[in-house]
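The structure under discussion appears below in the form of structure tokens.
The model shown is predicted, which means the values in this text are computed figures rather than measured ones.
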Amino acid sequence: MNRPVQRLIIAVLALILVVSVGAVGISSLTGNNPGDDQRSDEPTAANPDDRPTADPADQPQKPEVPRPEEPAGLTEQTSDGAQATLTYLLESYTYMMTTGDTSVWEDSVDPNCQVCTTFLSNAQILNEQGGYLVDGEFDVRSTGFSGTGEPPATGQVVADFSQEASVIVDDPNLQASPVDAVTGQLIAQVAWDGSRWRVTDMSIAPPASSGASDAGGASDAGGAVGAGGAGGAG
């Protein structure tokens, strides 16, 4: 596995939203992966991280994941529509990472959202390498929205979620990478584009006990925690 593939694994682990701030780091979302400077000086090798080899026949099989249906709320300029957009984004994540079909996300993210395009790029690269995600489904337990304007034109959606354990197969000849289950809170900035809501930035909320922290959004400024009360995802 060459160095770009090694970096992909690190980025994908972060993008699945299973790492806490300061572990692999949400900074991976903005391209500031810990250890990048050191890795840039390392010679390219087939397996630089010394992962055990594996028989391709023993790898977890690529699952058949159906394309999720878009909820009607995605085209409604309402609080429910904004919340439905983020819920759909998370609930379609496993489909995108397993199939490489990024259209489910492209329709609901702003093309200038750096974090969002990083998600899309990693899904595409993983698919081009013949890689895929196994399991890792998201469950959005509750969402809240605070917006500006009437009807709202911009706003913030906060989603409390959990994600089941998963496995990333990025190279059929190397041992797959297991990822633990996790619970957390995702903060998304959203804007109405005239026909549907689009996510313009995303960040992970820091643990409640840690206080204010850089959550690593597209502008590296993160988002305000606790926008709006919990409500239906629409």
Side-chain angles (χ1 to χ4, degrees), residues 1-36 38-40 42-68 88-106 109 115-140 161-184 186 202 204 216:
M1 181 181 64
N2 58 26
R3 184 159 49 87
V5 177
Q6 180 187 19
R7 289 183 176 177
L8 171 65
I9 294 174
I10 295 172
V12 169
L13 289 175
L15 293 177
I16 292 175
L17 306 178
V18 298
V19 292
S20 60
V21 175
V24 171
I26 298 303
S27 60
S28 297
L29 294 176
T30 59
N32 301 317
N33 294 329
D36 266 358
Q38 177 182 354
R39 282 196 300 273
S40 64
E42 295 173 354
T44 299
N47 186 14
D49 56 349
D50 295 324
R51 274 194 295 164
T53 58
D55 185 338
D58 295 333
Q59 295 282 20
Q61 290 189 350
K62 183 176 181 177
E64 294 290 336
V65 182
R67 182 187 176 94
Y88 176 69
L89 222 59
L90 291 178
E91 292 181 347
S92 63
Y93 183 79
T94 297
Y95 168 79
M96 179 176 72
M97 293 299 294
T98 301
T99 66
D101 181 2
T102 58
S103 64
V104 291
W105 269 52
E106 289 170 346
V109 301
V115 174
C116 306
T117 54
T118 303
F119 275 86
L120 295 170
S121 176
N122 278 273
Q124 292 167 341
I125 293 172
L126 186 64
N127 183 64
E128 290 169 359
Q129 294 175 178
Y132 51 89
L133 179 70
V134 179
D135 299 323
E137 293 287 348
F138 278 90
D139 177 27
V140 179
F161 70 88
S162 60
Q163 187 195 19
E164 66 179 15
S166 59
V167 174
I168 298 172
V169 178
D170 68 293
D171 186 322
N173 296 303
L174 295 177
Q175 187 178 79
S177 302
V179 181
D180 293 335
V182 71
T183 59
L186 181 69
M202 290 190 290
I204 295 290

(message) If I take atom CD from residue E137 and atom OH from residue Y93, how far apart are they, to the nearest 0.5 angstrom?
(response) 12.0 Å

(message) Once rounded to the nearest 0.5 Å, what's the spacing between atom CD of Q61 and atom OH of Y132?
(response) 7.5 Å

(request) Show the numbers, then the answer: is there a side-chain contact (heavy atoms from CB on, under 4.5 Å) between D171 and Q129? (result) CA-CA 7 Å; D171 186 322; Q129 294 175 178; over 6 Å; no

(request) Please assess V182 against F161 for the test side-chain contact (heavy atoms from CB on, under 4.5 Å), listing each intermediate value before the final yes or no. (result) CA-CA 8 Å; V182 71; F161 70 88; 4.3 Å; yes

(request) Give a yes or no on whether the backbone of A123 and the side-chain of N127 come within a donor-acceptor separation of less than 3.5 Å. (result) no

(message) Could you tell me if the side chain of V169 sits less than 4.5 Å from the side chain of K62, heavy atoms only?
(response) no

(message) Show the nearest heavy-atom pair for residues Y95 and D101, with the distance to one decimal.
(response) OH-OD2, 2.7 Å

(request) Would you give the length of the straight line joining atom OG1 of T183 to atom CD of Q163, rounded to the nearest 0.5 angstrom? (result) 11.0 Å

(message) The test is side-chain contact (heavy atoms from CB on, under 4.5 Å); show your working for D170 and L126 and say whether it passes.
(response) CA-CA 6 Å; D170 68 293; L126 186 64; 3.9 Å; yes

(request) For residues V109 and L120, report the shortest heavy-atom separation together with the two atoms involved. (result) CG2-CD1, 4.2 Å

(message) For the CE atom of M96 and the OG atom of S103, what is their distance to the nearest 0.5 Å?
(response) 10.0 Å

(message) Main chain of P172, side chain of Q59: is a donor-acceptor contact present, judged purely on distance under 3.5 Å?
(response) yes

(request) Evaluate side-chain contact (heavy atoms from CB on, under 4.5 Å) for T102 paired with F119, printing each intermediate quantity in order. (result) CA-CA 9 Å; T102 58; F119 275 86; over 6 Å; no

(message) Main chain of D135, side chain of S166: is a donor-acceptor contact present, judged purely on distance under 3.5 Å?
(response) no

(message) Within this structure, what is the CG-OG1 distance for the pair L133 and T98, rounded to the nearest 0.5 Å?
(response) 4.5 Å

(message) What I want to check is whether the side chains of R67 and T99 have a donor and an acceptor closer together than 3.5 Å.
(response) no

(request) Looking only at non-hydrogen atoms, find the nearest pair between F138 and L90 and report the distance. (result) CD1-O, 3.4 Å

(message) With a 3.5 Å distance limit and no angle check, can you tell me whether S92 reaches the backbone of L89 through a side-chain donor-acceptor pair?
(response) yes

